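First comes the structure, then the notes that go with it.
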Amino acid sequence: MSEPETRHVKYFVLGPLQVRDADDAVVAVNAEKPRLLLTELLARRNRWVDTDVLVDALWNGRTPPASARGNLKTYVHQLRQLVARDGAESPISSRRGSYQLAVDRGELDCDVFEDLIARGREALGGGDGAAAEQALRAALELWRGDPGRVAASQGTAAEATRLRELRWVARDALADALIADGRPEEAVAALRALSVEEPLREATWARLVTALRDAGRPADALAAYQKIRDDLVAEFGAEPGSRLRGLHAELLAETEGDPVPPPRRFDDPAEGLAVSAPVPARVSAGPARWFRSRPLAVRAAAVVSVLALVVVGTVLVNRTTVSTPAPPTEVAAHLRLDAIAPKRPVPGFPAGTGEHPKLLFGLGDEATEAARQPLVHQAPVGMLTTWYDGPDELAQYESWGPQVIPGHYAAGTAMHLILIPTYDDPEPVDTEYGPGCGKAYPLSPEFLDHMRVLAKAFAGEADGPPLYVSVFNGMLKVVCTEEGYHADPLTTNYYRALKDRYLEIRQVFHRHAPNARVALNWDGWQAEKDDPQLGSGRSLMDLFSDALAVSDFQSFNAFQDEDNAADVERMVTELGKYGPVMVSNFGPYKDPAGARLRSDLTKVFAPEQIAELASRGLFAWSFWTHDYVDVTPESYALVKDVVTRYGRR
């Protein structure tokens, strides 16, 4: 909390509601009804507020009890005791049928917030970058969390929305100040984080492109423009606005005269591919200089990304001998490398800006059953998880398409589909890479047809609640060896074919479900150890690194009867390198008394630990079934507390 900016502040709404009491101590207002009442009075400060308005806010859409007006008087009395100064008249006044809270300018932190932003923008307009930065940073330091968390009415919700927009004004202005002050690299660092928080906000990307250009990184600036353009086209079918297009034209003009190098050739003996990659004339020398100047690891990652695209294209072109032919429009899309769908952003990542990190919590293992469970109605469970075990379930899930799934989406609930092709045992199979051994169903001709059925059944609007798809339910369950990845031809051939099939599944869901986000699914223990001889642990992730890099999010299970909390930390660290991470299936085996569940949750959701995991990419957590949640009253109480404290819809 910034001093001296807050020395006169009595009410703090930019985060959990707090007041400065008679002893000059800042204390939280934890009781629900006094908190809602004070929130409403502050939103309507210095105005008389009708008793009926306050009653409606306190019971928030529910029918108030007959004693509501009497209860209101009690809550007003409690607030007066909390905010009154010794010997001073209470700032809360009353008259027949209404109340008023008197607040001087500077006594409410959001007023100070607004004044500092105005001061910073004025300084920026006057060319005083240092003063602008100081005021804007002071304003942003006041923000402790989302004020909408305690919104009691439409009026307070609207005020919370206004304050969120003001925060973006401050962030934008701070980036402008850094750029104007000749510190574009600092602006880049800040704007990169903002672009993850709101992936489709064009104003952020325009500033990022500007900062990268001013930092002498035109290739990175062009790449940033291309990313936001691809995402906007994929999400909305719309090109960027005039500001971004103008920046793009300026960058192209600046690089117009660069010489054109010959096509680059990348060879990957492991994949047996040689790729010619001509560089566009207008940006040729910039990216070439950038590529040569990057560290070896970065250059290797870039090569892997190119190869991943080529592998997908090659597989999709040559798959005709093993796949059921797709509709003509889908075939046409598959034949073009540039038609491979870009990554879709995960809404709300990083999740929340409140006192605690905010995660998307889910419950399985079958959506219609999960939706009836008490936890869904008693805590902010925002996602329903369904498992797909094989073709016998297609008719049931297809029948959900007309009403069941749209009903969940209309309620604002995300869906999560875990693909678990476990109905058959591993067996010898033929792959395009040679003989393999694994589950035949994922590579069968009908599998992609079944995926199209599922994608259409679970599809929602592009701008509605997401459909998350976790594919293959633990990568080690599908091959003939159970203790790890053996680098023998049968296993390697199968995994290479399985990776191709995963990329095809991603294409199918992106095409037929506009709201789909797709991930590979891992077992939580796979980052625990790394045995290069077997290829377990991170070695197996390395085998799929190109697929991970193009996945919309990352997904893993945590259901061991040992320390799942340690598995969660390791897996979030490993998978978070590729994008946002979901614990897709949590529920310890062999836990009849709920001791492992309680131990895992207590460790993971300790405040410092969950904050660290969220910073590494954790954005969602799905519980296996309600039976695991409700194994004992103590377990249910802990789960409910965790979801209530950290959940978002």
Side-chain angles (χ1 to χ4, degrees), residues 1-15 18 20 26 104-147 162-199 201-225 228 241-244 246-248 250-251 254 350 353-354 615:
M1 194 173 296
S2 176
E3 289 284 356
E5 305 298 346
T6 60
R7 63 179 179 270
H8 298 305
V9 172
K10 290 179 60 177
Y11 308 100
F12 301 85
V13 299
L14 297 177
Q18 297 175 335
R20 196 183 298 274
V26 177
D104 293 334
R105 191 74 181 181
E107 290 186 330
L108 183 60
D109 64 347
C110 65
D111 288 342
V112 178
F113 177 69
E114 193 167 353
D115 291 344
L116 285 168
I117 294 172
R119 187 194 309 171
R121 297 182 73 192
E122 182 179 358
L124 183 60
D128 190 346
E133 181 184 356
Q134 182 180 10
L136 293 165
R137 288 195 185 278
L140 292 170
E141 286 175 6
L142 295 175
W143 190 277
R144 298 173 295 110
D146 187 356
R162 187 184 73 87
L163 292 172
R164 292 189 201 103
E165 290 300 323
L166 272 177
R167 186 184 184 214
W168 277 107
V169 168
R171 292 160 134 186
D172 289 343
L174 179 58
D176 291 339
L178 292 171
I179 294 170
D181 198 37
R183 295 149 64 191
E185 289 288 3
E186 293 181 45
V188 168
L191 291 163
R192 288 285 193 197
L194 298 185
S195 70
V196 174
E197 185 173 333
E198 291 287 347
R201 189 172 184 272
E202 290 191 53
T204 299
W205 286 92
R207 287 175 169 83
L208 178 58
V209 170
T210 301
L212 287 166
R213 180 192 63 187
D214 290 1
R217 298 163 59 182
D220 290 348
L222 285 164
Y225 172 82
I228 183 57
S242 58
R243 183 180 179 187
L244 270 169
L247 285 169
H248 184 232
E250 292 174 9
L251 281 165
E254 291 170 6
T353 55
S615 72

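These figures come from a predicted structure and were not determined experimentally. No hydrogens, no waters, no symmetry mates; every other heavy atom, side chains included, goes into these values. In this chain, numbering begins with 1 at the start of the sequence shown.
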Closest approach of [X] to [Y] (non-hydrogen atoms, all atoms of both residues):
{"X": "Tyr225", "Y": "Val209", "answer": "N-CG2, 3.9 Å"}
{"X": "Val26", "Y": "Arg20", "answer": "CG2-NH1, 3.9 Å"}
{"X": "Ala187", "Y": "Ala175", "answer": "CB-O, 4.1 Å"}
{"X": "Pro199", "Y": "Ile228", "answer": "O-CD1, 3.6 Å"}
{"X": "Cys110", "Y": "Leu163", "answer": "CB-CD2, 3.8 Å"}

Exercise answer: donor-acceptor pairs, residues 125-133 side-chain atoms, under 3.5 Å, sequence neighbours excluded:
residue	atom	partner	partner atom	Å
Asp128	OD1	Ala131	N	3.2
Glu133	OE1	Arg183	NH1	2.7
Glu133	OE1	Arg183	NH2	3.4
Glu133	OE2	Arg137	NE	2.9
Glu133	OE2	Arg137	NH2	3.3
Glu133	OE2	Arg183	NH2	3.1

For Glu122, does the CD atom have more than 12 heavy-atom neighbours from other residues, nucleotides or ligands under 6.0 Å away?
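Atom CD in Glu122 is not packed in, count stays at 12 or less.
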Gln134 CD: over 12 foreign heavy atoms closer than 6.0 Å:
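Result for CD/Gln134: open.
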Is there a donor-acceptor pair under 3.5 Å between the side chain of [X] and the backbone N or O of [Y]?
{"X": "Arg243", "Y": "Ala203", "answer": "no"}
{"X": "Trp205", "Y": "Leu191", "answer": "no"}
{"X": "Glu202", "Y": "Leu244", "answer": "no"}

What's the spacing between [X] [atom1] and [Y] [atom2] if we round to 0.5 Å?
{"X": "Leu251", "Y": "Leu222", "atom1": "CG", "atom2": "CG", "result": "5.0 Å"}
{"X": "Asp109", "Y": "Phe12", "atom1": "CG", "atom2": "CZ", "result": "6.5 Å"}
{"X": "Leu178", "Y": "Leu174", "atom1": "CG", "atom2": "CG", "result": "4.5 Å"}
{"X": "Thr210", "Y": "Leu247", "atom1": "OG1", "atom2": "CG", "result": "4.0 Å"}
{"X": "Leu166", "Y": "Leu116", "atom1": "CG", "atom2": "CG", "result": "11.5 Å"}
{"X": "Ile179", "Y": "Asp214", "atom1": "CD1", "atom2": "CG", "result": "6.5 Å"}

Only counting residues at least two apart or in another chain, list the ones meeting salt bridge (Lys or Arg N to Asp or Glu O under 4.0 Å) with [X].
{"X": "Asp172", "value": "Arg201, Arg207"}
{"X": "Glu185", "value": "Arg217"}
{"X": "Asp115", "value": "Arg105"}
{"X": "Glu250", "value": "Arg213"}

Taking the side chain as every heavy atom from C-beta outward, state whether [X] and [Y] have any pair of such atoms under 4.5 Å apart.
{"X": "Val188", "Y": "Leu208", "result": "yes"}
{"X": "Leu136", "Y": "Leu124", "result": "no"}
{"X": "Arg171", "Y": "Leu194", "result": "yes"}

Partner of Ile117 under side chain to side chain contact (heavy atoms under 4.5 Å, CB included), chosen from Arg121, Glu114, Arg119
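Going through the options one by one, the only one that passes is Arg121.
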Any pair with a residue in residues 105-124 that passes ring pair (Phe, Tyr, Trp, His ring centres under 6.0 Å), sequence neighbours left out, goes on the list, sorted by first then second residue, please.
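Applying ring pair (Phe, Tyr, Trp, His ring centres under 6.0 Å) to every pair that reaches into residues 105-124, excluding sequence neighbours, yields Phe113-Trp143.
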